[in-house]
There are 2 protein chains.
Amino acid sequence: MTSQPASTRERIVAAASKLFYAEGIGRVSMDAVAEKAGITKRTLYYHFRSKDDLIAAYLNGRDQPNLLLFQRWFDATDGGTAEKTRGMFASLAQSARHPKWKGCGFLRTAAELASMPGHPAMKIGAGHKKKFEQWMRTVFEAAGIEGGALLSRQILLLLDGSFAAALLHRDPTYMEAAGEAAYALIMSASSPLPQILGK
Amino acid sequence: MTSQPASTRERIVAAASKLFYAEGIGRVSMDAVAEKAGITKRTLYYHFRSKDDLIAAYLNGRDQPNLLLFQRWFDATDGGTAEKTRGMFASLAQSARHPKWKGCGFLRTAAELASMPGHPAMKIGAGHKKKFEQWMRTVFEAAGIEGGALLSRQILLLLDGSFAAALLHRDPTYMEAAGEAAYALIMSASSPLPQILGK
DNA sequence: GTCTATAAGCCGATAGAC
DNA sequence: GTCTATCGGCTTATAGAC
């Protein structure tokens with residue numbers, strides 16, 4: 001909130017955030033974080049009790065900015081809800097073309113901490129994705145689209161799937177395919193199929 | 001191919017597979033693998049040049065069995081292509097309810113190795129997912145469904161998304177939601193929408 | 001709040017005997 | 001092919017001065 005030149009704590013989180021995202025939390029040492037932040041390790045441990053606390057702070061710092069980014073991408077696209085959602089995926093694909101892109105920090109951290117379900121970072125990651133799903137649901141309900149609860153969950157699945165596939169194959173077109181699937185699902189929900197198309 | 005009591009190499013891969021999947025590759029030491037396999041570390045390094053080689057062997061050993069599992073789940077479900085695909089996701093959700101379930105080993109390994117795109121394990125993981133996508137495509141084309149290339153890619157996205165979401169939230173119902181989305185997408189592709197439903 | 005210095009142990013990988 | 005023993009380096013975290 002305050003606009004200080006940047007507190008020591010903020011500089012630590014900024015340094016950790018860059019390193020954790022670029023290399024993965026398990027491959028970054030506390031020494032590396034301290035060096036990147038321009039402080040000693042003793043100072044680092046003064047501000048954060050443990051590496052696990054720092055990991056939690058890293059994800060906490062990315063929660064709101066990431067959500068705002070998705071919302072800006074959605075709002076910036078012309079058309080109805082289906083078009084706007086597809087546009088959001090198109091912007092995501094564009095962002096994934098940046099050389100430093102390395103997937104979703106929340107999902108990658110969850111993958112690394114899969115054997116520690118109670119880890120604070122897992123809860124933050126789960127909360128972040130829940131917020132995305134909830135936001136999408138309010139969007140669908142505001143647009144008068146039925147089945148917003150199921151639909152928003154399906155959009156989230158396409159989003160996370162596109163993060164995983166784009167990272168594994170280093171191919172952002174998976175995100176565009178996810179956008180097309182999202183578009184088709186929203187269109188189907190917007191105009192329920194007549195019975196002639198039933199099974 | 002041979003049905004020996006189990007060669008040393010096979011026992012090593014079996015031990016590594018259990019440990020890597022349960023704890024994540026970065027959290028498992030070569031000491032732990034050797035101990036689990038009942039050999040010394042020197043013997044382990046006689047059979048595998050490095051840990052990276054062992055990681056590749058781990059994923060290679062899971063490639064075919066995993067694909068066969070998906071195909072068996074698909075075949076075991078009654079109905080048409082859409083129902084069979086949804087049934088496959090339902091079986092996946094059931095498997096995810098096992099206490100030892102920890103997501104997709106290929107995706108979790110890719111997340112850990114995100115900063116090493118050229119790692120052999122990344123190529124094996126990408127190949128595995130490509131095979132799944134290709135298999136789905138042949139299924140759709142054999143059933144006479146149009147757009148099999150795009151559709152199979154969208155099913156893969158739902159699959160990977162459900163792995164990620166189910167792991168993060170520890171909630172297998174995300175896989176059932178993915179199955180419903182897959183069902184809807186396949187039904188739409190099977191019976192193209194008449195123009196009254198166009199935008 | 002930040003520093004220098006170090007504890008105590010684990011890491012991947014190797015030497016050399018048999 | 002398997003063993004005992006160990007290297008050199010890196011890991012998280014802490015002690016005590018200022």
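In what follows, chains carry the letters A, B, and so on, assigned in the order in which the sequence lines appear, proteins first and then strands, with residues in each chain numbered from 1. The basis for the numbers below is simple: all heavy atoms, side chains too, and nothing from hydrogens, waters or symmetry mates.
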**Item:** Nearest-Å distance for atom pair CG/C1', residues B:Leu54 and C:dC11
**Value:** 15 Å

Under 3.5 Å donor-acceptor pairs involving side-chain atoms of residues 67-81 of chain A, not counting sequence neighbours:
from, atom 1, to, atom 2, distance (Å)
A:Thr77, OG1, A:Trp73, O, 3.1

**Fill in**
The side chain to side chain donor-acceptor pair (under 3.5 Å) partners of A:Thr40 (sequence neighbours excluded) come to A:Thr43

**Fill in**
Sorted by number, residues from residues 117-124 of chain B placing a heavy atom under 4.0 Å from DNA chain C are none

**Item:** Interatomic distance where CD belongs to B:Glu35 and P belongs to C:dC11 [whole Å]
**Value:** 11 Å

**Prompt:** At under 4.0 Å, does any side-chain N or O of A:Thr40 touch on OP1 or OP2 of C:dT4?
**Reply:** no

**Item:** NZ (B:Lys123) with more than 12 external heavy atoms under 6.0 Å
**Value:** no

**Prompt:** To the nearest angstrom, how far is A:Leu44 atom CG from C:dT4 atom P?
**Reply:** 14 Å

**Request:** For residues 87-97 of chain B, pull every pair meeting side-chain hydrogen bond (donor to acceptor under 3.5 Å, both in side chains), keeping only residues two or more places apart or in separate chains.
**Result:** B:Gln94-B:Arg97, B:Arg97-B:Glu176

**Message:** Across nucleotides 11-18 of chain D, 5' to 3', mark each nucleotide with B, S or - according to how protein heavy atoms within less than 4.0 Å reach it.
**Reply:** SBBBBB--

**Prompt:** Excluding sequence neighbours, so at least two apart, what forms side chain to side chain donor-acceptor pair (under 3.5 Å) with A:His128?
**Reply:** A:Asp63

**Asked** side chain to side chain contact (heavy atoms under 4.5 Å, CB included) with A:Ala181: which residues, sequence neighbours excluded?
**Response** A:Leu158, B:Gln154, B:Leu185

**By side chain to side chain contact (heavy atoms under 4.5 Å, CB included) - contacts of B:Lys36 (at least two apart)** = B:Ala15, B:Lys18, B:Leu19

**Request:** Mind calculating the distance between CZ (B:Arg11) and C1' (D:dG1) to the nearest angstrom?
**Result:** 12 Å

**Item:** Residue list, side chain to side chain donor-acceptor pair (under 3.5 Å) with B:Arg62, at least two apart or on another chain
**Value:** B:Ser17

